[in-house]
Amino acid sequence: MSRPLLAVSGLTKRYRRGDKTIAAVDDVSFDIRPGETLALAGPSGSGKSTIARLVLRLIEPDAGRIEFEGGDFLALNGAALRARRARLQMVFQDPLAAFNPRATVARVLDDPLRIHDVASRRERPRGIAALLERVGLSADLAGRAIHEISGGQRQRIAIARAIATKPSLIVLDEAVSALDVSVRRQILQLLLDLQREERIAFLFISHDLGVISAIAHRIVILDAGRVAESGDARAVIGAPQSAIGKALVAAAPKLNRTSTQGTADRQ
Amino acid sequence: MTALLSIRDLMVTYRRDGSEVAALKHVSFDVAASERFAIIGESGSGKSTLALAIAGLLPGSSKVGGSIEWKLPNLRLPHSFAPPSVLPDISPTRGEIGSLAANSSSATLEIGEGGDEGAISPQVGEMSGRTEGGATERRPSAIATSHMPLGGRDIGFVFQDPSASLDPVMTVGEQIAEVAHTHLGLSWSQSYARAKALLERVRLPDPDAALRAYPHQLSGGQKQRVAIAAAIAAGPKLLIADEATSALDAIVQAEIVALIRQLVAEDGMTLLFVSHDIALAAELAERIAVFRHGELVELGATAQIVATPRHAYTRALLDAHLGLDAEPLLQQAGASR
């Protein structure tokens with residue numbers, strides 16, 4: 001077993017609501033190995049997205065440790081943090097909200113290349129074309145504005161931007177949830193291809209156990225900010241032990257393609 | 001099977017950036033009374049346009065052809081209400097509307113004549129705005145309809161985002177009671193009693209407290225329960241749920257689907273369940289209509305659609321569904337630990 005790429009231990013984040021303090025994330029520990037997909041699942045309010053923001057250091061924890069690529073990630077500041085962030089990228093649910101809608105595709109992809117000094121000014125147009133090709137898009141798309149392209153194309157651009165700085169870990173927060181099913185499958189396949197070829201690890205946040213069982217190696221199920229259970233994704237989804245795990249599995253719509261679904265009233 | 005509504009050759013065209021986009025193309029089908037009917041499609045399929053057309057909530061700038069014929073038992077007379085179209089048109093961009101109502105002048109006329117009764121209360125228009133979330137920006141489109149039913153009374157509509165369909169500055173109790181007061185002619189105290197009973201029916205914890213609560217004090221699932229209570233407050237014949245569970249997490253989604261199923265069965269309502277999720281629709285609906293690019297691709301009993309789809313697109317949708325037992329993409333990709 002390889003050394004963890006990301007090791008999170010005792011992670012805690014509390015919010016004040018009126019007089020009460022609520023732990024959105026409560027003593028959560030997990031790790032991710034290089035090239036591995038770890039899924040975070042759980043109902044709304046279970047702390048999934050708060051963990052994503054903590055790992056990305058968009059917010060700071062009240063307690064706990066985050067080790068990334070062998071170093072104390074929480075201790076980094078300034079230039080050292082910025083440099084390390086090139087290795088830790090993110091893709092969110094709604095790329096239209098993540099980008100300036102009037103920016104061109106080229107501009108969106110130029111930013112990480114410039115900011116993280118991945119390519120010189122002369123090389124960047126070629127870098128952008130290569131990134132577009134990498135995510136299965138035509139180089140002609142470079143001149144188009146973000147708001148002009150389809151949702152699936154936009155999510156490919158978000159992935160292209162995420163891989164521009166050659167990260168070792170990408171946090172994907174409900175990254176395929178808003179996509180049509182046929183597009184969703186293509187994006188998942190793209191993520192898996194990138195993972196296999198470049199050994200990128202994914203922290204994959206989703207409420208959809210079907211998607212998780214299709215692409216994740218391991219799963220952590222959260223309930224009210226705590227880890228309810230964790231383990232091999234398909235084993236946990238196949239036989240959940242925790243109450244919340246059982247509830248999530250029971251709630252997932254099942255498509256029975258051989259029998260007489262929908263005809264019987266199950267009231 | 002008695003039809004509740006018959007849709008024939010329905011066409012809806014929107015104008016976008018100067019060009020016309022056909023959202024629905026020659027759509028024809030019947031919905032039977034008291035059936036659970038699902039409308040399935042991906043983005044751009046026209047499924048929401050269809051739901052809005054049936055509810056008479058299409059934006060005024062849309063161009064409509066074809067007919068939606070209602071066969072509502074004991075439908076109250078159409079002139080007992082004032083559709084929002086009678087309200088003054090305040091938006092200058094809607095100037096074009098009148099000329100677009102080409103082939104359905106009789107239906108428009110019929111609606112217009114309702115004004116003669118003098119029963120037009122501005123509150124009616126406002127009311128439908130609240131229950132239908134944004135109906136104030138819409139007006140009944142000029143579809144040839146027989147016995148036009150009334151949104152809020154004959155048709156209950158539940159939208160995807162309850163935060164947008166509920167009024168943020170009205171209590172939950174007021175919003176539900178207003179529907180009963182407006183459409184059933186109940187006194188305010190009777191309407192509040194009905195609102196409380198409805199909050200119990202949609203299983204909101206502590207209905208007394210919920211009556212006085214504002215939408216922002218409730219969770220997403222609770223808000224959707226309130227939106228459902230308001231939608232069924234006047235005892236509609238048809239309940240339209242347009243992606244009503246899509247913004248909810250899986251557990252709450254399953255609860256809301258079970259609730260809709262129960263309410264529809266208890267009240268003998270017809271359900272029109274609009275969704276992108278064919279697996280979810282298959283769990284709830286007796287029949288499924290699959291839409292793509294504004295066209296009805298396939299319509300059939302749920303078991304047939306799911307087990308023996310006739311159209312390649314239906315099969316593709318079914319294949320794209322990632323169930324808990326789905327083949328892992330991971331192995332196909334050959335990723336290793």
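Keep in mind it's a predicted model, so treat the numbers as computed, not measured. Numbered from 1 within each chain, the chains take letters A, B, ... in sequence-line order.
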Q) Does the E42(B) side chain pair with the main chain of S182(A), one donor and one acceptor, at a distance under 3.5 Å? A) yes
Q: Mind checking the CG-CD1 spacing from L324(B) to I212(A)? Nearest 0.5 Å is all I need.
A: 10.0 Å
Q.
I'd like to know if the side chain of R185(A) reaches the main chain of D319(B), judged simply by a donor and an acceptor atom lying under 3.5 Å from each other, with no hydrogens or angles considered.
A. yes
Q: Go through the structure and list residues passing side chain to side chain contact (heavy atoms under 4.5 Å, CB included) with A178(A), not counting sequence neighbours.
A: Q93(A)
Q: Kindly check if the number of other-residue, nucleotide or ligand heavy atoms within 6.0 Å of CD (E266(B)) is above 12?
A: yes
Q.
So which residue, L280(B), I278(B), L248(B), ends up with the most heavy-atom pairs under 4.5 Å with chain A?
A. L280(B)
Q: Identify which part of A316(B) has an atom lying under 4.5 Å from any heavy atom of chain A, answering side chain, backbone, both or neither.
A: neither
Q | Residue L209(A) versus chain B: region with a heavy atom under 4.5 Å | A | both
Q | Gap between atom CG of L317(B) and atom CG of D180(A) - 0.5 Å precision | A | 9.0 Å
Q: Find out whether N256(A) and V306(B) are in side-chain contact, i.e. whether some heavy atom of one side chain is under 4.5 Å from a heavy atom of the other.
A: no
Q: Return the option, out of G45(A), G151(A), S177(A), S44(A), with the maximum number of heavy-atom pairs under 4.5 Å with chain B.
A: S44(A)
Q: Look up atom CG in D208(A) and atom CG in D249(B), then write down how far apart they are to the nearest 0.5 Å.
A: 11.5 Å
Q) Could you walk me through whether L322(B) and L188(A) pass the side-chain contact (heavy atoms from CB on, under 4.5 Å) check? A) CA-CA 11 Å; L322(B) 292 170; L188(A) 289 173; 3.4 Å; yes
Q. How many angstroms lie between atom NE2 of H321(B) and atom CZ of R184(A), to the nearest 0.5 angstrom?
A. 8.0 Å
Q) Rounded to the nearest 0.5 Å, how far does CD1 of I251(B) lie from NZ of K246(A)? A) 13.0 Å
(Q) Tell me the closest heavy-atom pair linking A254(B) and A251(A), and the distance in Å. (A) CB-CB, 3.8 Å
